[in-house]
Amino acid sequence: MENLRSKINDVAKRRGFYWNSYDIYGGLGGFYDYGPLGSLMKKNIVDLWLKEFVYHDGLILVDTPIIGPEIVYRASGHLDKFTDYMVRCKSCGHAFRVDELIDKYVETPDALSPDEIERIIETYNIKCPDCGGELGHVEEFHLMFSTNIDLGKKGFLRPETAQGIFVNFSNLYRINREKLPMGVAQIGRAFRNEISPRQGMLRLREFNMAEIELFVDPESGYKWREIPERMLHALRNDGRDIKISSVEACKNEVINCYISYYMARIIDFLQKLGIDTERVRFREHHPEELAHYSTETWDCEVLLSKGWMEVIGISYRGAYDLSHHMDYSGQDTRAFRRYQDERKIKIERIVPRMEILGPKFKANAQKIAKKLEEMEMEGDKRPLEIEVEGKKYRIPPDAYDLVVEEVKVSGERFIPHVVEPSFGIDRLFYAILEHSYYEREDSKYKVLRFNPIIAPVKAGVFPLMSKDGLDVLAKQVLSFLREKGVNAYYDESGSIGRRYARADEIGTPFCVTVDYQTKEDSTVTVRERDSTEQVRVKISHLVEFIRNIIEEKRGFKDVP
RNA sequence: GCAGGCGUAGUGUAGUCUGGCAGCACAAGGGCCUUCCAAGCCCUUAGCCCGGGUUCAAAUCCCGGCGCCUGCACCA
C-alpha cells in the first residue's frame, strides 16, 4: 500500500470508480469496469470534452460502428501493420516474431506471406534461438480483434474510431456545405489486443477514445481558430527540451500550426479536468516511432507515479487515409478548391473521330474513344498506341483531331490533409485521480480534489443529528437538490466528521448540513471540501450557489 | 509471450516454512450515544483466486490454469 497507484486502486474499488472486469471469474487482463462513480465521472469528462472541442469550435459529430469489414482495415493499413507473424518452438515452446528471426536472411521480412516465411525457415535451416529446437508453423498474431460478419466474411473491431470518419468523408463534406477546414469528432470504444496489458487502466484492450479529424487544405496556410497563447513544454525529437509559446511554435514552424492550436486548447482542457499542467508535456515522435500514417506526431504526456504517460496524441496524418480509401473503394473522396478568380486555360484535347474509329474497331470503338479523350498529348499528330483492358491498339493520326480550346476552370480537386487529436478517455480519467489525490496532513484521511464540474457527486446532504426533525428536513433538502438536477446523496450514519470524510474520499465538493438554525431561518451550512470552510446559505439559494461555482461564475465565498 | 514474486471478508493484513476449529484492524449494516471534521459502546454481515492431486485431514504440500506486481520483449 505504499505507492500512489495502489492507494488509488484501493479507493477506486472500495468506493466504486472502477475495477478489473469479470472479477468473480478471476478477472480478465486489459478490461475494466466503470463503477457507479466512475461511470458518472467518465460522462462528465466526455461532456466537458464535447463542450471544449466540439461545441466550442463548431465541429460535427458522428457515431459509427465498432465492427468494420476487412477491406476498410486493408485500406487503412492496419491489417498489414497490425499483424505480427509468430513461430513457436516445438520443444521449448518459446514464441518468436518472424521478422526478427529472418531479417538476417531477407531484406523485407514484413512483406512475406506465411508460406514464404516457412520456406525461408526451411531453406536457411533456422532453429529456435533459445534451445536450438525445431520451429513450428507460422501463426498470425493480430493486434486487432477479429470476428465474423455473415458466414465466412471477416470483420475487425476498430483499433481507432478514426476510420469511421474517413470512410464517410464525402457525405460529411457535403453536409458541411463543402467547407474546409472541417472538424469531425467521434466518441466511442476501440479495441487492441495488447500482448501484455498491465498498469491497470493505462493499457486496456477495450478503451474509450474521443477523436477529432480536422480536414484541412494543405495549400491554404493556417485557416483555423486563433491560437490561444499558452506556454508549452515541448520535447522535440532532436532531443531539445524547450518551453515555447503556442503562438511562437506555429510562427517559427517548430510545430505544425494546427497541432499548436490543439496543444494550447489541450492545456486549458486538462486544467479544467483538474490535471496539474506543470506535469504535462508534449513529446514529438522520432521518425522511426511514427505510426504508418503519420509524418508528425506529438504525444501529450502527463507525469504520473510511474513516469510520463501518453494521454493524448496529435498526429498529422496528411492525405494518407483518404487517398487509401479512394484507391480501395474507387470512390472520389476529394474536396474542391475554388480559385479566387475563374481561370481560363488553354488545353489541347484529343477529339476522337468516330467515323474512322467505328468501322475500324467495331465494338471496342467506344472504349478506345473514351481512353483517347482522357489522354494528355503534346506536339503534332502522330500514330498513337493505347492499351484498353489489356489489349494494345494502334491509332492512326487521321482517327482523331487535336483541338485547342480555352476552358473556364473554377477550381481543382484535391485530397484534404488531416490533423488528428486523439484523446484517451480512460487514461485521462486515471490521470485525474492521481493528480487529485491527497491525504490530509492532520488526520491522514483521503481526499480527491476534483474540480466540481468533473466530480461525480456534487453534494452530500447531512442532518447534524438524526433526530429532532433534522433528518426529515435534510431529506427535503436532498429531494430539492435532486429535482433541480444536482446529483446529491443523503448520509446520516456516524458522526458529522465521519460523513465529511466519506464525502471527501469520493471528491464531493460540497457538504450541506442541516442544523438547528435551519429550523429557524431555512439556511444550511455548506462546507467546501479542500478548505473545509463553511458558509451559510439559504435553502432557496442553494442550487444557484452550487451551480455558479460549478460553472466558475462565482467563488465559494460569494454567497448570493 | 518469457523469467521472478505474489494471490486469505469490501480494503489492508496474520496464519503457509513445520498440514489439525481462519484471526486482527479498518470499512460497511443495525442500535445506543452525539450540536460541524474519521469520538465511544453493543450487535451483525462478510474471506482462504479457480481446478485437479497427495493425505484420516490442505489456506498450508504437489501439478495445471487465471489474475496482479516487477523486469525483458511489445506498445501501430
Side-chain angles (χ1 to χ4, degrees), chain A residues 1-3 5-7 9-16 19-31 35 73 76-84 86-89 92-97 99-100 110 130 139 141-144 159-160 162 190 192-200 202-205 285 288-294 297 299 306 309-310 313 315 422 439-440 442-447 462-468 470 492-505 511-519 524-529 531-534 536:
Chain A
M1 271 300 286
E2 70 288 356
N3 67 68
R5 177 126 133 259
S6 36
K7 285 177 178 178
N9 284 339
D10 167 35
V11 176
K13 185 169 187 190
R14 229 165 8 83
R15 301 305 304 272
W19 53 77
N20 188 219
S21 302
Y22 309 109
D23 197 38
I24 62 167
Y25 289 104
L28 183 61
F31 296 91
Y73 293 103
S76 72
H78 287 95
L79 210 46
D80 287 343
K81 305 289 163 127
F82 263 28
T83 304
D84 284 339
M86 315 276 292
V87 278
R88 202 175 288 277
C89 170
C92 74
H94 283 167
F96 302 95
R97 282 181 50 182
D99 52 350
E100 288 172 2
D110 291 337
D130 282 6
E139 299 166 50
F141 187 83
H142 281 305
L143 272 67
M144 282 195 293
E160 56 175 8
R192 296 176 192 183
N193 201 355
E194 299 285 353
I195 294 170
S196 171
R198 212 137 350 131
Q199 307 172 34
L202 295 177
R203 266 185 91 193
L204 298 176
R205 289 186 163 126
H285 278 203
E288 69 276 9
E289 187 186 357
L290 288 167
H292 60 276
Y293 47 72
S294 179
T297 294
D299 282 347
K306 295 287 166 168
M309 186 68 213
E310 178 202 346
S315 288
S422 174
E439 289 166 12
R440 292 219 193 268
D442 39 359
S443 55
K444 291 284 172 211
Y445 73 77
K446 299 164 181 175
V447 187
F462 316 145
L464 186 59
M465 297 287 138
S466 43
K467 60 180 185 186
D468 301 328
L470 295 185
E492 62 168 28
S493 154
S495 71
I496 191 78
R498 178 183 292 254
R499 286 175 264 163
Y500 287 149
R502 275 191 208 113
D504 291 345
E505 199 181 41
C511 291
V512 175
T513 303
V514 169
D515 57 19
Y516 288 95
Q517 196 182 325
T518 309
K519 290 167 93 171
V524 290
T525 66
V526 181
R527 170 228 190 228
E528 198 274 333
R529 178 192 58 217
S531 63
T532 74
E533 286 179 19
Q534 293 186 354
R536 281 206 90 83

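In what follows, every chain begins at residue 1, and chains take the letters A, B, ... in the order their sequences are listed. Computed from a predicted structure; not experimentally measured.
Atom name C1', nucleotides B:rC32 and B:rC24: the rounded distance is 25 Å, in whole Å. Separation of the P atoms belonging to B:rA3 and B:rU8 is 23 Å when rounded to the nearest angstrom. Distance check on atom P: B:rG20 versus B:rA27 gives 32 Å, rounded to whole Å. Rounded to a whole angstrom, the distance from the C1' atom of B:rC50 to that of B:rU45 is 25 Å. Comparing B:rC26 with B:rA39, their C1' atoms sit 15 Å apart, to the nearest whole Å. Comparing the C1' positions of B:rU34 and B:rG19 gives a spacing of 50 Å, expressed to the nearest Å. Separation of the C1' atoms belonging to B:rC68 and B:rG12 is 16 Å when rounded to the nearest angstrom. Only the C1' atoms considered, B:rU16 is 4 Å distant from B:rU60, to the nearest whole Å.
Residues A:P197 and A:G29 come closest through the heavy atom pair CG-C, 4.0 Å. Shown here for A:T532 and A:R527, the closest heavy-atom pair between the two residues is CG2-NH2, 3.7 Å. Across all non-hydrogen atoms, the minimal contact from A:T297 to A:S315 is OG1-OG, 2.9 Å.
Between the side chain of A:R440 and the base of B:rC37, no donor-acceptor pair under 3.5 Å is found. Evaluation of atom-type donor-acceptor distances gives no pair under 3.5 Å for the side chain of A:E194 against the base of B:rC75.
If you check every strand for non-hydrogen atoms under 4.0 Å, A:G494 touches nothing. Here A:Q534 lies in heavy-atom contact (under 4.0 Å) with a base. Nucleic acid contact for A:R527: base, since at least one base atom lies under 4.0 Å from a heavy atom of the residue.
Per the geometry, CG belonging to A:D23 stands 17 Å off P belonging to B:rC66, to the nearest Å. The interatomic distance linking A:Y25 (OH) with B:rC66 (P) rounds to 17 Å, in whole Å. The OH atom of A:Y22 sits 18 Å away from the C1' atom of B:rC49 (whole-angstrom rounding). If you take CZ of A:R198 and P of B:rC75, they are 15 Å apart, rounded to a whole angstrom. Across the protein-nucleic acid pair, A:I24 atom CD1 and B:rA9 atom P stand 16 Å apart, rounded to whole Å. The separation between A:K7 atom NZ and B:rU13 atom P is 13 Å, rounded to whole Å. For the pair A:R5 CZ and B:rU11 P, the interatomic distance rounds to 17 Å; values are reported in whole Å. The NZ-C1' distance, from A:K13 to B:rA9, rounds to 11 Å in whole Å.
Counting heavy atoms from C-beta outward, A:T513 and A:R499 have side chains that stay 4.5 Å or more apart. In this structure the side chain of A:S493 reaches within 4.5 angstrom of the side chain of A:R502, judged on heavy atoms. Taking the side chain as every heavy atom from C-beta outward, A:S76 and A:Y293 never approach each other to under 4.5 Å. Side chains of A:D10 and A:K446 form a contact here, defined as non-hydrogen atoms less than 4.5 Å apart.
One side chain, A:D515 or A:T518, offers a donor N or O that lies under 3.5 Å from an acceptor on the other.
Ion pairing between a basic and an acidic side chain is recognised when a charged N comes within 4.0 Å of a carboxylate O; A:D468 and A:K519 show no such pairing.
Among residues two or more places apart in sequence or in another chain, the ring-ring contact (aromatic ring centres under 6.0 Å, His included) test is passed with A:Y500 by A:F462.
Place A:D468 and A:N9 on RNA chain B by their nearest nucleotides, and A:D468 ends up nearer the 5' end. Each of A:H285 and A:Q199 lies near RNA chain B, and the nucleotide nearest A:Q199 is the one positioned closer to the 5' end.
Base pairing annotation: B:rC33 forms no Watson-Crick or G-U wobble pair, as no partner gives both donor-acceptor distances under 3.5 Å. Partner assigned to B:rA9 is none, using Watson-Crick or G-U wobble distances below 3.5 angstrom. Applying the Watson-Crick and G-U wobble criteria (two distances, each under 3.5 Å), B:rG4 pairs with B:rC69. The base-pairing partner of B:rU16, taking Watson-Crick or G-U wobble contacts with both distances under 3.5 Å, does not exist among the strands shown. Base pairing of B:rU54: no nucleotide in any strand meets the Watson-Crick or G-U wobble criterion (both distances under 3.5 Å). Pairing of B:rC74, defined by two Watson-Crick or G-U wobble distances under 3.5 Å, is not identified with any nucleotide. Pair assignment for B:rA28: B:rU44, on the basis of Watson-Crick or G-U wobble contacts that are both within less than 3.5 Å. When Watson-Crick and G-U wobble pairs are counted only if both distances are under 3.5 Å, B:rU60 pairs with no nucleotide at all.
Taking every side-chain heavy atom of A:N20 into account, B:rG67 is the closest of B:rG67, B:rC36, B:rA38. Distances from the side chain of A:S495 to the nucleotides B:rC36, B:rA39, B:rA38 place B:rA39 closest. Ranking B:rC74, B:rU70, B:rU34 by closeness to the A:M465 side chain, first place goes to B:rU34.
An OP1 or OP2 oxygen of B:rC37 is reached within less than 4.0 angstrom by no side-chain nitrogen or oxygen of A:T532.
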Protein and nucleotides 25-28 of chain B: nitrogen or oxygen contacts under 3.5 angstrom:
residue	atom	partner	partner atom	Å
B:rA27	OP1	A:R498	NH1	3.0
B:rA27	OP1	A:R498	NH2	3.3
B:rA28	OP1	A:R502	NE	2.3
B:rA28	OP1	A:R502	NH2	3.0
B:rA28	OP2	A:R498	NH1	3.0

